[in-house]
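Data block below; observations after.
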There are 2 protein chains.
Amino acid sequence: MRAGDRAYQTLREEITNGDLPAGTVLGEVEQAVRLGISRTPVREALRQLISEGLAVQRPRGVEVSEVSFENISELYDVRLALECQAARLAARNRDADVFRTLLVDFQHVSDLLNTRDRNRHDYYELVNRLDDALDQAVRNPYLVSAMATVRTHLARIRHMARSDRARLMDAAREHALIVQAIIDGDGDLAAHATHVHLYNSLSHRLAKAASLETHSADAVSPDEGDARETA
Amino acid sequence: MRAGDRAYQTLREEITNGDLPAGTVLGEVEQAVRLGISRTPVREALRQLISEGLAVQRPRGVEVSEVSFENISELYDVRLALECQAARLAARNRDADVFRTLLVDFQHVSDLLNTRDRNRHDYYELVNRLDDALDQAVRNPYLVSAMATVRTHLARIRHMARSDRARLMDAAREHALIVQAIIDGDGDLAAHATHVHLYNSLSHRLAKAASLETHSADAVSPDEGDARETA
DNA sequence: CGTGTGATTTGTGTATACACTGATGGCGAT
DNA sequence: ATCGCCATCAGTGTATACACAAATCACACG
C-alpha cells in the first residue's frame with residue numbers, strides 16, 4: 001500500500017479517536033519523522049484531511065479542526081436530510097434478506113447489552129453493519145459519499161457525548177423500526193422513522209452535553225471502555 | 001497564490017467546462033509541462049480532484065471521471081435531500097432584505113431572457129446569487145460543503161442537457177416561489193417548493209436526454225453560446 | 001507464423017534539496 | 001528601559017532526482 005494512504009488512515013484515525021485533539025498543529029516534518037516517511041506523502045495525507053474537514057489550513061501550517069457542541073446540531077441537520085433520503089431509497093431497492101438478518105440482531109440487542117463486557121462497542125458494530133447495508137441498498141455513490149463524510153465527523157462527536165445503556169436500548173427499537181419499514185418497502189415510514197430516531201439521538205446528545213457543562217468533565221473523558229459508567 | 005491551488009482551479013474548470021472530457025488521462029508530467037509547474041503541485045491538485053469525485057484513480061494513473069445520464073437521477077436524489085433542508089433552514093435564519101432583492105430579480109427574468117444576448121448565462125448568474133444567499137442563510141458549514149460538491153457535479157451535467165428558454169421561464173417562477181417562502185419564513189413551503197422545482201428540473205433534463213438519444217447529438221455539443229438553438 | 005520471454009520505456013511513488021516567507025530573538029540606539 | 005531593526009531560523013512551497021512497477025515491443029525459439 002502507498003505510504004500516503006497509510007499516513008492518511010493513521011492520521012484520520014488518530015483525529016477521530018481524539019489522540020490528536022482539536023487545535024493540534026500537524027507539522028509536515030514532525031509527522032514525517034513520526035510516521036517514518038518523507039514529507040511528500042505526509043503533504044498528500046494532510047490535503048485529504050483538509051478536504052474532508054478534519055483539518056484546516058492555517059497561515060501557520062495545518063491543524064486539526066475544531067469540533068464543538070454547536071457543531072452537533074449542524075451536523076445532525078445534514079445527517080437528517082441525507083439519512084431520511086437514504087432510508088427512503090433503501091426501502092425501494094433493498095435486498096430483503098440482508099435487512100431481515102439485521103432486524104433479528106436489533107431485536108436481540110438486549111441480550112447483547114446485558115453482557116457486561118464491551119457492549120457499546122458491539123452495538124456500534126451492529127450499527128455499522130446497518131450503515132453498510134444502507135450504502136449497498138441506496139445504489140447511489142453520491143449519497144454514500146456524502147453520508148460517509150457526515151459519519152466521519154459524527155465519530156469525533158461520539159467521544160464527546162456518549163450514549164448510555166438505556167439510550168442504546170431505545171435506539172435499538174428505533175433502528176428495528178427503520179429496518180422493518182425497509183423490509184416492507186415502505187419508504188415514507190422508513191424516512192419518518194429515521195427522522196424520529198435522529199431527533200431522539202440528537203436530543204440525548206444535547207442533554208448529555210448540557211449535563212457535562214454543569215458537572216465536571218472528568219468522569220467522561222476516558223476514550224475507551226464500555227457504557228457502564230454512564231448508565 | 002500557490003501553484004497547487006492554481007493547478008486545481010484550472011483543472012477543475014476544464015473538467016466542468018468539458019474541455020477535459022470524461023476518460024481523459026491526467027498524466028502528472030503531461031499536466032506539469034502544460035501548466036508550467038512541477039509534478040508536486042500537480043499531484044496535489046489531482047488528489048483534490050479525486051476526493052471531490054471529478055477524477056478517479058486508475059491502476060494506470062488518474063483520469064477524468066465518467067458522468068452519464070444515469071448519474072443525473074442519483075445526483076438529484078442527493079440534491080433534493082440537501083436543498084430542501086437548506087431551504088427550510090434558510091427560511092428560519094434568512095436576512096429578508098437579501099431575498100427581497102432576489103425576488104425582484106426573479107420576477108423580472110422575462111426581461112432578462114428577452115434580451116437575445118447571453119441570456120442563459122445571465123440567468124445562471126442569478127441562480128448563483130440565490131445559491132450564495134442560501135449558503136449565507138443556512139449558517140451550516142457542513143450543509144454548504146455538501147451542496148458545493150453536488151453543484152460541482154451538476155455543472156458538468158448542465159453541459160449535457162441544457163435548459164431552453166421556456167424551461168428557464170418556468171424555473172424563474174419556481175425560484176420566485178422558493179424565495180417568497182423564505183422571505184415569509186415558511187420553512188415547509190420553502191422545502192416543498194424546492195422539491196417541486198427540482199422535480200421539474202430533473203424531468204426536463206431527462207426528457208432532453210431522451211430526445212438526444214433519438215436525435216443526433218451534434219446540435220447540442222457546442223459548449224458556449226446562448227439558448228437560442230434549443231428554445 | 002505464433003507465442004513466450006526479456007529488455008526498454010513510460011509513468012507513478014517517494015525522498016530530498018533548494019527557495020522563500022514569516023516569526024522570533026537579540027542587540028543597539030534613543 | 002523600551003522600542004525598533006536586523007539577523008537567524010523554522011517551516012512550508014516547489015522542483016528534481018531516484019526507485020520501482022507495469023506495459024509494450026522486439027527478438028528468438030518452438
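Every chain is numbered from 1, with letters handed out A, B, ... down the list of sequences. Just so you know, these numbers come straight off a predicted model, no measurement behind them.
Note: CG (A/Leu26) to P (D/dG11) measures 13 Å, nearest angstrom. In this structure, CZ of B/Arg34 is placed 15 Å from P of C/dG11, rounded to the nearest angstrom. In this structure, B/Glu63 atom CD and C/dG11 atom P are separated by 14 Å, rounded to whole Å. Taking atom CD of B/Glu30 as the reference point, atom P of C/dT12 lies 9 Å away to the nearest angstrom.
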Let me have a per-nucleotide readout for nucleotides 14-25 of chain D, 5' to 3', with B, S or -, counting only protein heavy atoms under 4.0 Å.
BBBB--------
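Under the side-chain hydrogen bond (donor to acceptor under 3.5 Å, both in side chains) criterion, the residue pairs touching residues 140-150 of chain A are A/Tyr142-B/Asn71, with sequence neighbours excluded. Sorted by first and then second residue, the pairs that involve residues 77-86 of chain A and meet side-chain hydrogen bond (donor to acceptor under 3.5 Å, both in side chains), not counting sequence neighbours, are A/Tyr76-A/Arg79, A/Arg79-A/Glu83. Pairs engaging residues 144-156 of chain A under the salt bridge (charged side-chain N to carboxylate O under 4.0 Å, His left out) rule: A/Asp131-A/Arg151, A/Asp135-A/Arg151 [sequence neighbours left out].
A search for salt bridge (charged side-chain N to carboxylate O under 4.0 Å, His left out) contacts involving B/Arg2 returns B/Asp5, B/Glu44, not counting sequence neighbours.
A/Ile72 has its side chain out of reach of A/Leu75: every pair of non-hydrogen atoms, C-beta onward, lies at least 4.5 Å apart.
Between B/Arg12 and B/Glu52 a salt bridge is recorded (basic side-chain N to carboxylate O distance below 4.0 Å). Using a 4.0 Å cut-off between charged side-chain N and carboxylate O, B/Asp132 and B/Arg129 make no salt bridge. Salt bridge A/Asp164/A/Arg167: absent, no basic N to carboxylate O contact under 4.0 Å.
Inter-axis angle, ends of the helix from C/dC1-D/dG30 to C/dT30-D/dA1, five pairs per end, rounded to 10 degrees: 10°.
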